[in-house]
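Shown next, in structure tokens, is the structure this report addresses.
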Amino acid sequence: PAVREEQEMRMRCFLHASAEELRNQQSNLLHSLCTDSYLDVEKTTQWFQKLIGNAWKCTHLSAVCSMNVTQSKRSCRLQVTDVYKKIFLVEMLFGVQQDDTDIFLSSQETEVGTTPSTTWPQSCAVAEAKFFLLVAARAEERNFYIRYMQVCAYILVGLNFSDYELKTVLMHLLTAIPLESWHGSYFLERIDDLLRYLRCCVEEKHLGHFFIGNEDVPAEIILPQDFRESEPLNLFQHLEDLEELQDRLMSLLIYGK
């Protein structure tokens, strides 16, 4: 398989090639994955899509399942169809770890629109997953928190709160309220707490980022030093900006200045 990949990709195998062989192809590798001196998301995605397509041919599953790689600029999306015509959709994102922390630079598209191919937005997805694994281990119940997210999202549908904002509220309360008080008969109380907390955040126009400037993040989650030393980041800053804009507009309409 390694020989076939080398022949079809015209690139040495990272696992089986010697250090000398890899050094000799460095310029080709840089051209394949980088733009100037920056790692390029789109080039990396295209390279990986070709690689996984060739690798699939070497697996035993290729004899009984079909696999198609759908075009995507910032992720690798696979559609696998088994012998029973059941379809599985898989999306793989790419990440570059920041030092030895749980924070990564991600290939995921930002919410603000088109992201340049050499831009890797910072992501806390791994830290979030680690946090919920810690919570589940301490609570001795897997994924119980998903019910709270689902109910709150249903109640708040149409009110323009993002999943990330709801998840942030949940993470704050999971560290503030003992985990034994999140089960069974406490369910409705905790839903009420989540909604009240969110309401207070809206009224105060402040929802603190869970991982930046938050002293209550579990020590097991490894964060960059600037995350722990920074002032809390306000996820509702846009509400303050909106209020200031409304005040300026009102002043302009009333006083002409």
Side-chain angles (χ1 to χ4, degrees), residues 1-16 29 32-35 39-98 101-137 142-150 153-154 162-168 170-171 211 221:
V3 173
R4 186 189 301 180
E5 288 174 21
E6 288 184 24
Q7 292 173 344
E8 296 187 9
M9 300 295 293
R10 291 182 298 173
M11 190 172 293
R12 295 292 184 183
C13 172
F14 293 141
L15 181 62
H16 300 94
L29 186 61
S32 299
L33 302 182
C34 300
T35 296
L39 184 64
D40 191 298
V41 173
E42 294 182 12
K43 286 185 176 181
T44 302
T45 301
Q46 292 171 4
W47 174 80
F48 188 79
Q49 287 172 345
K50 292 178 182 177
L51 186 66
I52 200 167
N54 292 327
W56 174 262
K57 302 171 188 176
C58 306
T59 67
H60 69 278
L61 285 175
S62 62
V64 292
C65 300
S66 64
M67 191 272 289
N68 293 315
V69 180
T70 59
Q71 293 300 312
S72 175
K73 290 185 176 181
R74 300 185 69 91
S75 66
C76 183
R77 297 175 181 174
L78 310 178
Q79 178 177 303
V80 180
T81 306
D82 66 12
V83 291
Y84 303 106
K85 304 302 181 183
K86 187 174 182 179
I87 296 175
F88 300 88
L89 301 177
V90 180
E91 181 175 18
M92 289 180 279
L93 297 171
F94 308 100
V96 179
Q97 187 178 17
Q98 285 192 241
T101 71
D102 293 320
I103 305 301
F104 283 70
L105 303 179
S106 169
S107 66
Q108 189 170 18
E109 189 80 66
T110 61
E111 296 180 357
V112 296
T114 304
T115 305
S117 64
T118 53
T119 297
W120 294 69
Q122 198 172 57
S123 171
C124 297
V126 172
E128 290 170 12
K130 189 173 180 178
F131 171 79
F132 284 116
L133 285 174
L134 288 170
V135 167
R142 292 185 59 189
N143 301 335
F144 72 91
Y145 47 83
I146 294 177
R147 296 193 299 271
Y148 288 96
M149 282 287 294
Q150 291 171 334
Y154 178 80
S162 69
D163 291 341
Y164 189 77
E165 289 165 348
L166 296 180
K167 185 163 50 177
T168 299
L170 177 60
M171 289 191 291
F211 294 106
I221 296 176

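This is a predicted model, so every value here is computed, not measured.
Remark: the backbone N or O of Tyr154 is not paired with any side-chain donor or acceptor of Gln150 at under 3.5 angstrom. Without hydrogens or angle criteria, Lys43 side chain to Cys34 main chain gives a donor-acceptor distance under 3.5 Å. At distances below 3.5 Å, not a single donor-acceptor pair connects side-chain atoms of Ser123 with backbone N or O atoms of Phe104. Of the possible donor and acceptor atoms, none in the side chain of Ser107 sits under 3.5 Å from a partner among the backbone N and O of Ser75. At least one donor-acceptor pair closer than 3.5 Å links the side chain of Gln49 to the backbone N or O of Ser72.
Between Leu166 and Tyr148 there is no side-chain heavy-atom pair separated by less than 4.5 Å. Annotation: side chain of Leu93 is in contact with side chain of Glu91 (closest heavy-atom distance under 4.5 Å). Under the 4.5 Å side-chain criterion, counting only non-hydrogen atoms from C-beta, Met92 is in contact with Ile52.
In this structure, Phe131 CZ and Cys124 SG are separated by 12.5 Å, a value rounded to the nearest 0.5 Å. For the atom pair Trp47 CH2 and Leu33 CG, the distance stands at 6.0 Å (nearest 0.5 Å). Atom OG1 of residue Thr45 and atom CZ of residue Arg74 lie 7.5 Å apart, to the nearest 0.5 angstrom. For the atom pair CD1 (Ile221) and CG (Leu133), the distance works out to 9.5 Å, reported to the nearest 0.5 Å. In this structure, the separation between OH on Tyr145 and CE on Met171 is 11.0 Å, given to the nearest 0.5 Å. For the atom pair CZ (Phe211) and CG (Asp102), the distance works out to 8.5 Å, reported to the nearest 0.5 Å.
Remark: Arg147 CZ is packed, more than 12 non-hydrogen atoms of other residues, nucleotides or ligands lying under 6.0 Å away.
Here the closest heavy-atom approach between residue Ile103 and residue Gln122 is recorded as CG2-CG, 3.6 Å. In terms of heavy atoms, Ile87 sits closest to Gln79 at CG2-CG, 3.6 Å.
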Only pairs under 3.5 Å count here: list side-chain donor-acceptor contacts from residues 62-71, not counting sequence neighbours, and write none if there are none.
unit_1: Ser62; atom_1: OG; unit_2: Thr59; atom_2: O; d: 2.6
unit_1: Thr70; atom_1: OG1; unit_2: Arg77; atom_2: O; d: 3.3

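Among Asp40, Leu39, Thr115, the single residue meeting the side chain to side chain contact (heavy atoms under 4.5 Å, CB included) criterion with Trp120 is Leu39.
Residue pairs meeting the ring pair (Phe, Tyr, Trp, His ring centres under 6.0 Å) criterion with at least one member in residues 56-84, sequence neighbours excluded, do not occur.
When the salt bridge (charged side-chain N to carboxylate O under 4.0 Å, His left out) test is applied to Glu128, the partners found at least two apart in sequence or on another chain are Lys167.
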